[in-house]
Amino acid sequence: MMVASSMQNFKGSLLLDEPMAKHTSWRIGGTADQFYTPADIDDLICFVEQLADTENIFFLGLGSNLLVRDSGFRGTVISLKGSLSDIELLDGNVLRAGAGTSCAKLARFCHRNNLIGGEFFAGIPGLLGGALAMNAGAFGGETWPLVKSVTTLNKQGEVFTRTPLDYEIDYRNVKSIDNEWFVSADLQFESGDGEAAAQSVKHLLAQRASSQPTGLPSCGSVFKNPQADYAARLIEACELKGYAIGGAVVSEKHANFIINRGSAKARDVEALICFIQKTVKKQHGIDLQTEVKIIGEADNESL
Ligand SMILES: Cc1cc2nc3c(=O)[nH]c(=O)nc-3n(C[C@H](O)[C@H](O)[C@H](O)COP(=O)(O)OP(=O)(O)OC[C@H]3O[C@@H](n4cnc5c(N)ncnc54)[C@H](O)[C@@H]3O)c2cc1C
């Protein structure tokens with residue numbers, strides 16, 4: 001539902017009781033109480049400032065690493081899709097991009113400007129904000145080694161400039177500052193042959209399409225790879241490819257992907273995640289950690 005009366009001071013769009021299934025790559029999720037897409041950074045600051053101190057706020061990219069429980073999200077989701085997506089070239093092979101910039105656009109901007117090192121972004125179906133929050137990476141590249149600084153926003157509407165030293169950064173994990181979110185980043189690249197980088201992107205995307213079920217509703221890799229091993233190898237060795245709970249099934253193409261066959265509930269996905277963890281623990285003695293973020297209250301039927 002679109003709200004008009006309370007929107008007089010804001011230029012963005014506010015939706016109430018918005019189904020999160022429309023905003024996650026799994027196509028799953030209950031409703032968010034409020035769903036706001038800011039028009040620009042000033043509008044975002046104004047909007048965040050007027051929220052109650054007690055309001056739960058969740059920043060959303062493209063929902064490509066997110067499971068929203070069936071009970072939904074009690075609070076305000078701020079979506080950066082279609083917002084804060086400008087990129088500008090600064091001196092010394094540095095670019096400044098808004099947190100709403102898609103990773104694909106970032107990769108294109110890099111090779112068009114003969115900047116090297118961002119090719120891996122082409123395969124990540126999220127926004128820069130999500131890539132910063134997850135330390136997204138692929139084919140040997142990762143987000144944070146490229147970061148010179150980030151701009152963040154807190155609940156009071158204050159803006160900060162931070163450097164990588166302000167964060168604990170790990171494989172697919174970034175310990176952020178509580179109630180502070182990314183609004184832009186300055187990324188440093190090498191200069192090089194943009195045409196060769198574009199060819200390399202084509203090659204990486206073809207490799208990905210041949211090994212992953214890229215066209216089906218998923219969140220990419222559900223589990224982090226354990227030290228010196230692969231989650232997909234362990235799951236496959238447990239003969240779980242094709243194993244299903246409700247509408248959620250372990251991909252036949254890549255065992256670390258869970259696919260929504262069309263009717264999956266979040267509770268099916270969570271039950272399947274749990275079953276995979278128990279089976280891998282029993283057969284290989286390894287605790288698989290989830291990469292995917294899970295939000296919302298667990299309902300009684302979950303797990
Ligand atoms: C087919 C497929 C392939 C994938 N392949 C890869 C891969 O190769 N490598 C890889 O690393 N990932 C991969 N992923 C996972 C996912 O695309 C990445 O984790 C991506 O970085 C998530 O970005 P997003 O914008 O969709 O974030 P979302 O899923 O919307 O959010 C993920 C987390 O980031 C937080 N977040 C989002 N924006 C902000 C912000 N502005 N400030 C603070 N926190 C924020 C959210 O609150 C949430 O906790 C894949 C996913 C799919 C569906």
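Heavy atoms only: backbone and side chains are in, while hydrogens, waters and symmetry mates are out. Order of appearance sets the numbers: ligands from 1, and atoms from 1 within every ligand.
Which of Ala136, Gly220, Gly137 comes nearest to atom 7 (C) of ligand 1 through a heavy atom is settled by distance: it is Gly137. Distances from atom 12 (N) of ligand 1 to the heavy atoms of Met134, Glu291, Lys293 put Glu291 nearest. By heavy-atom distance, the residue among Leu132, Leu66, Leu62, Leu216 lying nearest atom 24 (P) of ligand 1 is Leu62. Closest to atom 44 (N) of ligand 1 by heavy atom, among Gly126, Gly100, Ala133, is Ala133.
Classification of Lys11 and Asp43 as a salt-bridged pair fails, no side-chain N sitting under 4.0 Å from a carboxylate O. Between Arg267 and Asp70 there is a salt bridge, since at least one side-chain N of the basic residue sits less than 4.0 Å from a carboxylate O of the acidic one. The pair Glu49-Lys155 does not meet the salt-bridge criterion, since no charged nitrogen lies less than 4.0 angstrom from a carboxylate oxygen. Between Glu142 and Arg172 there is a salt bridge, since a side-chain N of the basic residue sits under 4.0 Å from a carboxylate O of the acidic one.
The proximity of Leu80 to ligand 1, defined as any non-hydrogen pair under 4.0 Å, is limited to the side chain. Residue-level proximity to ligand 1 for Cys103 is absent, since no heavy atom of it falls below 4.0 angstrom.
The shortest contact between atom 31 (O) of ligand 1 and any protein heavy atom is with Gly61 N, 4.4 Å. Closest protein heavy atom to atom 43 (C) of ligand 1: Phe182 CD1, 3.5 Å. Closest to atom 28 (P) of ligand 1 among all protein heavy atoms lies Gly63 N, 3.6 Å. Annotation: atom 6 (C) of ligand 1 to nearest protein heavy atom, Arg208 NH1, 3.9 Å. Looking only at heavy atoms of the protein, atom 47 (O) of ligand 1 is closest to Phe59 O, 2.7 Å. Here the heavy atom of the protein found nearest to atom 19 (O) of ligand 1 is Asn65 ND2, 3.1 Å. Here the protein heavy atom with the shortest distance to atom 17 (O) of ligand 1 is Ser64 OG, 2.7 Å. Counting only heavy atoms of the protein, atom 25 (O) of ligand 1 lies nearest to Leu127 N, 2.8 Å.
For ligand 1 and Leu60, the ligand atoms under 4.0 Å from any heavy atom of the residue are 30 (O). Listed by number with element, the atoms of ligand 1 under 4.0 Å from a non-hydrogen atom of Ala131 are 21 (O). Which parts of ligand 1 touch Phe58 is read off a 4.0 Å heavy-atom cut-off, strictly below it: atoms 46 (C), 47 (O), 48 (C). Within the listing of ligand 1, atoms 53 (C) sit less than 4.0 angstrom from a heavy atom of Ser218.
Val77 places a side-chain heavy atom less than 4.5 Å from the side chain of Met20. Between Leu89 and Leu115, some side-chain heavy-atom pair lies under the 4.5 Å cut-off.
Considering backbone and side-chain atoms alike, Arg172 places an N or O below 3.5 Å from some N or O of ligand 1. For Ala138, no nitrogen or oxygen atom sits less than 3.5 Å from a nitrogen or oxygen atom of ligand 1, counting backbone and side chain alike.
Both the sub-6.0 Å distance and the 45° axial angle are satisfied by Arg162 relative to the ring of Phe160.
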key: side-chain contact (heavy atoms from CB on, under 4.5 Å) assessment of Phe189 paired with Leu187   = CA-CA 7 Å; Phe189 296 89; Leu187 304 175; 3.6 Å; yes
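Distances from atom 37 (C) of ligand 1 to the protein include at least one heavy-atom value under 4.0 Å.
In this structure, Ile124 counts as a contact residue of ligand 1, since one of its heavy atoms falls inside 4.0 Å of the ligand.
Under a 3.5 Å cut-off, the side chain of Ser85 and the backbone N or O of Lys81 do not form any donor-acceptor pair.
Contacts of Phe275 classified as ring pair (Phe, Tyr, Trp, His ring centres under 6.0 Å), with partners at least two apart in sequence or in another chain: Tyr243.
When only modelled atom types and interatomic distance are considered, Asn154 and Glu180 share no side-chain donor-acceptor pair under 3.5 Å. For Glu18 and Thr31, the side-chain atoms include no donor-acceptor pair closer than 3.5 Å. Using a 3.5 Å distance cut-off with no hydrogens or angles, the side chains of Ser149 and Thr161 do not pair a donor with an acceptor.
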